[in-house]
Amino acid sequence: KHFGSISKRNVPPGPWGFPIVGHLPLLGDKPQETFIRWRETYGDVFKIRMGSWDTIVINGQHAVRHALERIDDAYSGRPNFYTMKVLKDLNSNENTLAFGEFDSTWFVHRKLASKALRTFSNTRNHSVQDLITEEAMYMTDALLKHNGRPFFPDSEIKTSVGSVIYQLCYGRGQDVRKDDLFQTFLKSADEFIKFTGAGNPVDVMPWLRHIMPWKTYKFRQLVTKFKKFRDIKIQEHKQDFAIDHLRDITDAFLAEDLTDIDDKCKEGQISRNRLLSTLQDLFGAGFSTTSTTLQWAILFMASNPDAMKRVQAEIDTVVGSGRNVELSDRSKMPLTEATILETMRLSSIVPFALPHYTTMDTILNGYNIKKDTVVFVNLHSLAFDNNTWNNPNAFQPERFFSEDRQLDKEKANLFLPFGLGRRRCLGEYLALTELFIFFTTLIQRCNFVRPDSETYAMDGVFGLTYNSKPYKVSVVERT
Ligand code: HEM
């Protein structure tokens, strides 16, 4: 219910925090684990302070679904954190899709972005499938070039995953491996993730930028670099743009008639500049998430050779070795699907979604929550919930099976790697397509082996996405 004014009573409980900095120094290097401990003491909804920002952390299926599925959109905002202000400032003072506030223009923006992404990542005409398969083959060849010697696989993974979203956004048939701009972009993307993760001190205590000016300077430099990259591509597109031959998402945005927004959206006029800035969102959100998941997948396979052999047996039975895996094989490959789900669950790469913000006074689990409260949706708490999963820290793909060893879709819905509600991931369909084809192609052709000299750390590095720590692997061609 919407309350006009909410009394201070009945606010969520929470741990003690410091003056000025709040709970920031208490989060540790893995805030998701700290939150799990606090949940045990304070319950599913607890309150903390991030610098001067009142914040609630929402944990567990019940409370997360209750908050994100509300029809009044009380939790669909985004806070105006420092990094988000910089993004807006450098985008001619216009909001971006992923970090922008929740208003009528955002609705138009999301609708048009979704339409363009759907048009160019639609698997019905096989074209996207072909693109991903081509990149999966590139990736596999590149990994096999190391001839079984231990190496860090991240660069090969990032290049191929980056190439998919690059070609969808900026045109097919380009060889990103020879494109200096693209290579610079890849190097910068990791830095961006570090800046935008929950708990970045400068975000919630912007005065820190006067004490640590180099930090914010670097972030501004990064965003400027991304914007230059996008602007160069847009200029190139404008030169040979043809309305009856749209080649990619950039063309789709250039072609959109922004005076013809339908009735539901008429309050929210959107500028061409804002729409085109989506290219940055798609690249940022679509690249690091998928490549991080694949890096975890290889780590899990090399650490669990029996699980890898079971998936290989399924691929051999359904596909064999004489042809590429196709999306139409997916329904016959429950173990492969379960292994991808288990990889996503156990890596929990976006532990707190993107930060949300309340758009009105509201009530959750009986507590009063004020308008303008930062909300961390603890997706990690769903993925590791002891009440839902038996031994949640173990890698057990079969946990997603029904009794007849088929994929149990209800179990798959017990964690929410893509979030839920209005702000749910825009690229879920593309991400699942990519994960399926990349993963199966790799496993069909390669064995991933942990070198004797390596001990693998199963914990990762916290940022906007939760990355695996750098690791070496041996990749050996299957005979
Ligand atoms: C937002 C997960 C891949 C585009 C999000 C959010 C999550 C997420 C958790 C935040 C939801 C929230 O704030 O409640 C993932 C995962 C991926 C993935 C786990 C891959 C394994 C992609 C891809 C694209 C994409 C491939 C596009 C090409 C976006 C966009 C948003 C978003 C644009 C912002 C939506 C908004 O604020 O309206 N994603 N994502 N994501 N994702 Fe993804």
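Start at 1 and go down the list; that is how both ligands and their atoms are numbered.
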What atoms of ligand 1 come closer than 4.0 angstrom to any heavy atom of [X]?
| X | answer |
| --- | --- |
| Ala431 | 3 (C), 20 (C) |
| Thr293 | 21 (C) |
| Ala98 | 34 (C), 37 (O) |
| Trp106 | 38 (O) |

Who's closest to [atom] heavy-atom-wise, of [options]?
| atom | options | answer |
| --- | --- | --- |
| atom 11 (C) of ligand 1 | Gln280, Arg422, Arg78, Arg423 | Arg423 |
| atom 28 (C) of ligand 1 | Leu426, Ile165, Leu97 | Ile165 |
| atom 9 (C) of ligand 1 | Ser288, Pro417, Cys425 | Pro417 |
| atom 17 (C) of ligand 1 | Leu354, Thr289, Leu117, Thr96 | Thr289 |
| atom 7 (C) of ligand 1 | Tyr75, Phe418, Tyr429 | Phe418 |

For His356 and ligand 1, does the shortest N/O to N/O distance drop below 3.5 Å? yes
Going by distance only, is there an N or O of Arg110 that falls short of 3.5 Å from an N or O of ligand 1?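 Yes, there is a polar N/O contact under 3.5 Å.
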May I ask you to decide whether [X] forms a salt bridge with [Y], counting only side-chain N to carboxylate O separations under 4.0 Å?
| X | Y | value |
| --- | --- | --- |
| Asp89 | Lys85 | no |
| Glu135 | Arg177 | yes |
| Arg110 | Asp281 | no |
| Asp361 | Lys371 | no |

Classify the ring geometry of Phe182 against Phe283: parallel below 30°, tilted from 30° to 60°, perpendicular beyond 60°.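 Aromatic pair Phe182/Phe283 classed tilted.
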Can you tell me the protein heavy atom closest to atom 4 (C) of ligand 1 and the distance? Ala285 CB, 3.4 Å
the protein heavy atom lying closest to atom 26 (C) of ligand 1 turns out to be Gly286 CA, 3.4 Å
In the structure I gave you, are the side-chain heavy atoms of Tyr170 and His237 within less than 4.5 Å of one another anywhere?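 Yes, their side chains come closer than 4.5 Å.
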Between Trp296 and Tyr471, is the ring centre distance below 6.0 Å? no
State whether a side-chain donor-acceptor pair under 3.5 Å links Arg172 with Ser127. yes
Check whether the side chains of Asn59 and Asp44 place a donor and an acceptor atom closer than 3.5 Å, and report yes or no.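 Absent: no donor and acceptor within the cut-off.
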